[in-house]
Number of protein chains: 2
Amino acid sequence: MGDREFTADCQTRLALDLLSGTWTGVVLWALRDGPLRPGELRARIGGISHKVLTGTLRRLEHDGLVTRRRYAEAPPRVEYALTAPGRGLLVPLSALGRWTERYADDVLDARDLAAEVSGR
Amino acid sequence: MGDREFTADCQTRLALDLLSGTWTGVVLWALRDGPLRPGELRARIGGISHKVLTGTLRRLEHDGLVTRRRYAEAPPRVEYALTAPGRGLLVPLSALGRWTERYADDVLDARDLAAEVSGR
DNA sequence: CAGCATCCGATCTGATACTG
DNA sequence: CAGTATCAGATCGGATGCTG
């Protein structure tokens with residue numbers, strides 16, 4: 001989206017853009033307890049491909065939400081950690097989690113209902 | 001994404017998926033003060049195409065975040081309004097807004113820095 | 001193990017044009 | 001004015017294979 005007309009009461013756009021990728025929020029959330037290596041990240045998250053994880057991390061790094069630390073060892077070792085802005089995003093993310101706890105069923109019901117209506 | 005492996009500590013996925021569209025969050029936010037007609041929505045938001053707005057509203061309706069009310073009048077008149085779950089999403093969204101106020105500059109700086117480093 | 005390059009398929013945005 | 005259909009372009013997710 002970049003920087004388009006930025007309706008005054010909606011600075012939320014930048015943040016929504018940052019989280020737009022399918023896995024972005026999940027990766028940030030997975031890093032909430034401390035630095036992790038790519039392999040550990042994949043294991044925890046489950047279902048994310050190798051390439052997509054690297055891509056997501058690249059973008060997070062590029063936006064300053066995550067730092068990449070490389071250790072000069074025999075088997076290459078890398079760790080990713082949240083920056084201050086990245087940690088800050090955990091607040092909205094946990095708000096989203098609370099919302100899900102409260103309303104997930106309503107959403108699923110609404111979808112079922114819509115499916116029934118159209119499916120006959 | 002649908003219903004994939006749902007890491008226990010990350011129910012946030014459903015909500016992230018709901019907001020995944022480029023305009024989803026923006027439309028919800030635009031409806032926060034009350035029902036609006038599609039035309040009004042487009043005017044407020046700015047930069048969203050006719051088709052994409054309808055598509056976004058369709059999906060929101062399908063997920064039970066928005067209701068569509070049709071008035072049988074001479075010039076067709078339609079209004080969209082938030083449901084309870086939809087209104088509930090305003091909480092996480094405003095948390096995202098606060099995050100943006102606080103960290104938007106950091107993100108932009110990080111991007112500039114990344115651009116400089118690679119651009120020489 | 002970490003990362004990159006390539007290719008394919010699915011999806012989304014956006015422009016245009018047409019129907020009630 | 002609201003909504004749908006169609007088409008082109010871009011992006012994204014995912015699988016695979018190769019390099020350090």
Side-chain angles (χ1 to χ4, degrees), chain A residues 1-5 13 16-28 30-31 35-63 66-81 114 117-118, chain B residues 1-7 13 16-28 30-31 35-63 66-81 114 117-118:
Chain A
M1 195 189 327
D3 25 51
R4 201 79 58 73
E5 38 271 7
R13 291 207 199 186
L16 284 171
D17 242 36
L18 288 174
L19 294 179
S20 65
T22 310
W23 299 100
T24 320
V26 180
V27 170
L28 289 174
L31 286 173
L36 285 179
R37 305 177 55 179
E40 298 169 319
L41 270 171
R42 285 195 65 191
R44 289 209 182 198
I45 292 175
I48 185 173
S49 78
H50 184 171
K51 188 196 104 173
V52 172
L53 175 61
T54 349
T56 305
L57 288 169
R58 279 289 152 288
R59 193 158 51 93
L60 290 173
E61 196 187 355
H62 176 266
D63 291 334
V66 150
T67 55
R68 176 191 136 112
R69 190 162 227 158
R70 213 181 154 288
Y71 298 90
E73 302 182 359
R77 180 185 154 83
V78 175
E79 274 188 355
Y80 291 91
V117 171
S118 70
Chain B
M1 197 190 332
D3 24 53
R4 201 79 57 76
E5 37 271 10
F6 213 80
T7 307
R13 290 208 200 186
L16 285 171
D17 242 38
L18 287 174
L19 295 179
S20 65
T22 310
W23 299 101
T24 320
V26 181
V27 170
L28 288 174
L31 287 173
L36 284 180
R37 305 177 55 179
E40 297 169 318
L41 270 172
R42 284 195 66 192
R44 288 210 183 197
I45 292 176
I48 185 173
S49 79
H50 184 174
K51 188 196 104 175
V52 172
L53 175 61
T54 351
T56 305
L57 288 169
R58 280 288 152 293
R59 193 159 51 93
L60 289 174
E61 196 186 355
H62 175 266
D63 290 335
V66 151
T67 56
R68 177 190 135 114
R69 189 164 227 157
R70 212 182 154 289
Y71 298 90
E73 301 181 359
R77 179 184 154 83
V78 174
E79 274 188 355
Y80 291 91
V117 171
S118 68

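This structure is a prediction, so every number in the text was calculated from the model and none was measured.
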Return the value, rounded to whole Å, for the distance between atom [atom1] of [X] and atom [atom2] of [N].
{"X": "Arg70(B)", "N": "dC1(D)", "atom1": "CZ", "atom2": "C1'", "answer": "11 Å"}
{"X": "Glu79(A)", "N": "dA2(C)", "atom1": "CD", "atom2": "P", "answer": "10 Å"}
{"X": "Leu53(A)", "N": "dC12(D)", "atom1": "CG", "atom2": "C1'", "answer": "15 Å"}
{"X": "His50(A)", "N": "dT6(C)", "atom1": "NE2", "atom2": "C1'", "answer": "15 Å"}
{"X": "Glu73(B)", "N": "dG20(C)", "atom1": "CD", "atom2": "C1'", "answer": "16 Å"}
{"X": "Arg69(B)", "N": "dA2(D)", "atom1": "CZ", "atom2": "P", "answer": "17 Å"}
{"X": "Leu41(A)", "N": "dA2(C)", "atom1": "CG", "atom2": "C1'", "answer": "13 Å"}
{"X": "Arg58(A)", "N": "dG13(D)", "atom1": "CZ", "atom2": "P", "answer": "15 Å"}

With heavy atoms under 4.0 Å as the rule, sort Tyr71(B) into base, sugar-phosphate or nothing.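 Nothing, no nucleic acid heavy atom in range.
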Students often get this wrong, so: under 4.0 angstrom with heavy atoms, is Pro75(B) touching a base, only sugar-phosphate, or nothing?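 Result for Pro75(B) = nothing.
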What nitrogen or oxygen pairs link the protein and nucleotides 9-13 of chain C at under 3.5 Å?
residue : atom : partner  : partner atom : Å
dT13(C) : OP1  : Thr22(B) : N            : 3.2
dT13(C) : OP1  : Thr22(B) : OG1          : 3.4

Hey, which of these two, Pro38(B) or Pro76(A), hits DNA chain D nearer its 5' end, going by closest nucleotide?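 Going by which nucleotide is closer to the 5' end, it is Pro38(B).
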So, do [X] and [Y] sit near enough that their side-chain heavy atoms are less than 4.5 Å apart?
{"X": "Thr22(B)", "Y": "Thr56(B)", "answer": "no"}
{"X": "Leu28(A)", "Y": "Leu19(A)", "answer": "yes"}
{"X": "His50(A)", "Y": "Thr54(A)", "answer": "yes"}

Can you establish whether the number of heavy atoms outside Arg58(A) located under 6.0 Å from its atom CZ is more than 12?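 More than 12 within 6.0 Å, yes.
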For Ser20(B), what residues pass the side chain to side chain donor-acceptor pair (under 3.5 Å) criterion, not counting sequence neighbours?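 So Ser20(B) forms no side chain to side chain donor-acceptor pair (under 3.5 Å) with any residue.
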Taking 4.0 Å as the cut-off, does a side-chain nitrogen or oxygen of Arg37(B) come that near to OP1 or OP2 on dA2(D)?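 Indeed, a polar side-chain atom of Arg37(B) lies that close.
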Show the nearest heavy-atom pair for residues Arg44(A) and Leu36(A), with the distance to one decimal.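 Arg44(A) and Leu36(A) have their closest heavy atoms at NE-CD1, 3.8 Å.
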Rounded at 0.5 Å granularity, tell me how far CD1 in Ile48(A) sits from CH2 in Trp23(A).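 The CD1 atom of Ile48(A) sits 5.5 Å away from the CH2 atom of Trp23(A).
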